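Chain naming here is simple, since letters A, B, ... match the order of the sequence lines and numbering starts at 1 in each. On a predicted model such as this, the values are computed, not experimentally measured, just so you know.
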Number of protein chains: 2
Amino acid sequence: MADKYDSLKLENQLCFPLYACAKEVVKKYKPFLDELDITYTQYIAMMVMWEHTKMNVKELGEYLFLDSGTLTPLLKTLEKKGLVTRARSKEDERNLVVSVTDEGMALRDKALEVPKKVAGCIQLEEADAKELYVLLHKLMKCV
Amino acid sequence: MADKYDSLKLENQLCFPLYACAKEVVKKYKPFLDELDITYTQYIAMMVMWEHTKMNVKELGEYLFLDSGTLTPLLKTLEKKGLVTRARSKEDERNLVVSVTDEGMALRDKALEVPKKVAGCIQLEEADAKELYVLLHKLMKCV
DNA sequence: TGCAATTAGATTGTACACAATTTAATTTAA
DNA sequence: TTAAATTAAATTGTGTACAATCTAATTGCA
């Protein structure tokens, strides 16, 4: 039953379910993030800002695996929403320091329910979720 | 050490490594797909077309988890490249039938090396890859 | 029959995502 | 010490992604 083109079948790919799952899971966040008036990418950026308060664009990009081409407009949007401020560093004017505002910190409490709500939409067993977490981190290290 | 905001830390998310891994792995395809002059999304669309030869936009979208908003421009691009043709169905004019061309089929042989080359860039053990494959399909079913 | 509901694609608008290039600041090394 | 190299962001251009809306074809049913 095997033919030479089997390796090109969608069902034999590892990348495709990764790509599709990521999209579908991110979509699950939408109704809950809509309540906070932010997108998924803005949400993960805020996660880093909530934890660290202040951070360069470059460093933020290293956390999120995103470059300035994505982050510059995204951070301008977050600034417009009043969630962060953007200012050049005094020590090194090349660096742009992003700081979370009081309003940004206030959003953290509203966001607290999001992970729970999303988990409620995804009926993956705890053991599978843990195993997946481990494997994804392993994969992340070798790409 | 635990605090009430732990659930909002990037490191405690399952979705984030999924999102980041998907992006990083898709990026690995780029140099090899550049040789075929197609993008990753175009590649997975061609995978379905290579296997099925003819297909409605709707059905193709069900395979790829993409809607007409994404597929319409993508298929127009593939048509411009000469890899597929697009034509309304005679039986039901609402349906647009996508068909792979000879040139499209010829690309299949050039693509044959892609999965191997990408696998060569990702040093994940075979057992882990298999386990990840199973878990992603399990996750796909419950989102 | 004939009109409302449904369906398939296309379109519009917003938001990433990233490669490639540009600009400005800083560092380095001759 | 100053010109070259490096660095951090911003910009530009292309290509997804997707929600919401629109259009046209078909179906269902009163």
Side-chain angles (χ1 to χ4, degrees), chain A residues 15-16 19-31 33-34 36-46 55-81 84 86-98 143, chain B residues 15-16 19-31 33-34 36-46 55-81 84 86-98 143:
Chain A
C15 183
F16 176 69
Y19 155 87
C21 271
K23 283 194 308 139
E24 295 307 307
V25 173
V26 166
K27 256 188 245 179
K28 290 286 172 193
Y29 282 81
K30 187 168 191 305
L33 293 181
D34 278 351
L36 310 189
D37 189 35
I38 55 175
T39 64
Y40 180 74
T41 316
Q42 290 164 15
Y43 172 64
I44 58 175
M46 287 308 296
M55 187 170 288
N56 287 344
V57 172
K58 183 188 165 54
E59 204 185 346
L60 182 60
E62 283 162 3
Y63 275 96
L64 301 177
F65 298 91
L66 293 171
D67 68 7
S68 67
T70 303
L71 287 176
T72 296
L74 184 136
L75 291 169
K76 283 179 179 175
T77 303
L78 290 179
E79 190 179 42
K80 249 179 259 164
K81 289 179 194 289
V84 304
R86 298 160 65 251
R88 290 287 167 179
S89 163
K90 282 276 162 52
E91 295 84 50
D92 187 338
E93 292 264 353
R94 289 173 302 181
N95 294 320
L96 188 135
V97 183
V98 182
V143 288
Chain B
C15 182
F16 176 68
Y19 155 87
C21 270
K23 285 194 307 140
E24 295 306 307
V25 173
V26 166
K27 257 188 245 178
K28 289 288 173 189
Y29 282 81
K30 188 168 193 303
L33 294 180
D34 277 351
L36 310 190
D37 189 33
I38 55 175
T39 64
Y40 180 74
T41 316
Q42 291 164 14
Y43 172 65
I44 58 175
M46 287 308 297
M55 186 169 288
N56 288 344
V57 171
K58 184 187 162 58
E59 204 184 346
L60 182 59
E62 283 162 3
Y63 275 97
L64 300 177
F65 299 90
L66 293 171
D67 68 7
S68 67
T70 303
L71 286 175
T72 296
L74 184 136
L75 291 167
K76 284 180 178 174
T77 303
L78 290 179
E79 191 179 41
K80 250 179 257 163
K81 289 179 194 288
V84 304
R86 299 161 64 252
R88 290 285 166 182
S89 163
K90 282 275 162 54
E91 295 84 51
D92 188 337
E93 293 263 355
R94 287 173 303 181
N95 294 320
L96 188 135
V97 183
V98 183
V143 286

A:Glu91 or A:Thr70, whichever maps to the more 5' nucleotide of DNA chain C: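 Its nucleotide being nearer the 5' end, the pick is A:Thr70.
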On DNA chain C, does the nearest nucleotide to B:Asp92 precede the nearest nucleotide to B:Lys30 from the 5' side, or the other way round? Give the residue.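 Residue closer to the 5' terminus by nearest nucleotide: B:Asp92.
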Can you check the [X] [atom1] to [N] [atom2] distance for me, whole Å?
X	N	atom1	atom2	value
B:Asn95	C:dG9	CG	P	5 Å
A:Lys27	D:dA20	NZ	C1'	14 Å
B:Leu64	C:dG9	CG	P	13 Å
B:Asp67	C:dG13	CG	P	17 Å
A:Lys76	D:dT12	NZ	C1'	12 Å
B:Gln42	D:dA17	CD	P	10 Å
A:Lys81	C:dT14	NZ	P	13 Å
A:Tyr40	D:dC18	OH	C1'	17 Å

Pick base, sugar-phosphate or nothing for B:Leu71, based on heavy-atom distances below 4.0 Å to the nucleic acid.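 Here B:Leu71 touches no strand at all.
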Counting heavy atoms from C-beta on, name the nucleotide in C:dC16, C:dA25, C:dA10 closest to the side chain of A:Glu93.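 From the listed options, C:dA25 comes nearest.
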I want to verify a distance call: between C:dC18, C:dA10, D:dA17, whose nearest atom is closest to the B:Ser68 side chain?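 Selected nucleotide (nearest to the side chain): C:dA10.
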Looking at [X], I'd like to know whether one of its side-chain N or O atoms comes within less than 4.0 Å of OP1 or OP2 on [N].
X	N	answer
A:Arg88	C:dT26	no
B:Thr39	D:dT16	yes
A:Thr41	C:dC16	yes
A:Lys23	D:dC18	yes

Do A:Leu75 and A:Glu79 touch side chain to side chain, with heavy atoms closer than 4.5 Å?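 No. Closest side-chain heavy atoms not under 4.5 Å.
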Could you tell me the Watson-Crick or G-U partner of C:dA30, where both distances fall under 3.5 Å? Say none if there is no partner.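 When the pairing criteria are applied, D:dT1 turns out to be the nucleotide that pairs with C:dA30.
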Parallel, tilted or perpendicular: which describes the rings of B:Tyr40 and A:Tyr19, with under 30° parallel and over 60° perpendicular?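 Plane angle over 60°, so perpendicular.
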Answer yes or no: is there an ion pair linking B:Glu24 with B:Lys27, defined by an N-O contact shorter than 4.0 Å?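 Result for this pair is yes, salt bridge flagged.
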By nearest nucleotide on DNA chain D, pick out whichever of B:Pro73 and A:Arg94 is the more 5' one.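 Comparing both residues, the 5'-ward one is A:Arg94.
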Go through the structure and list residues passing side-chain hydrogen bond (donor to acceptor under 3.5 Å, both in side chains) with B:Asp92, not counting sequence neighbours.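 Partners of B:Asp92 under the side-chain hydrogen bond (donor to acceptor under 3.5 Å, both in side chains) test: B:Arg94.
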Any idea which heavy atoms bring B:Leu71 and B:Leu66 closest together, and the distance?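 Nearest heavy atoms, B:Leu71 then B:Leu66: CD1-O, 3.9 Å.
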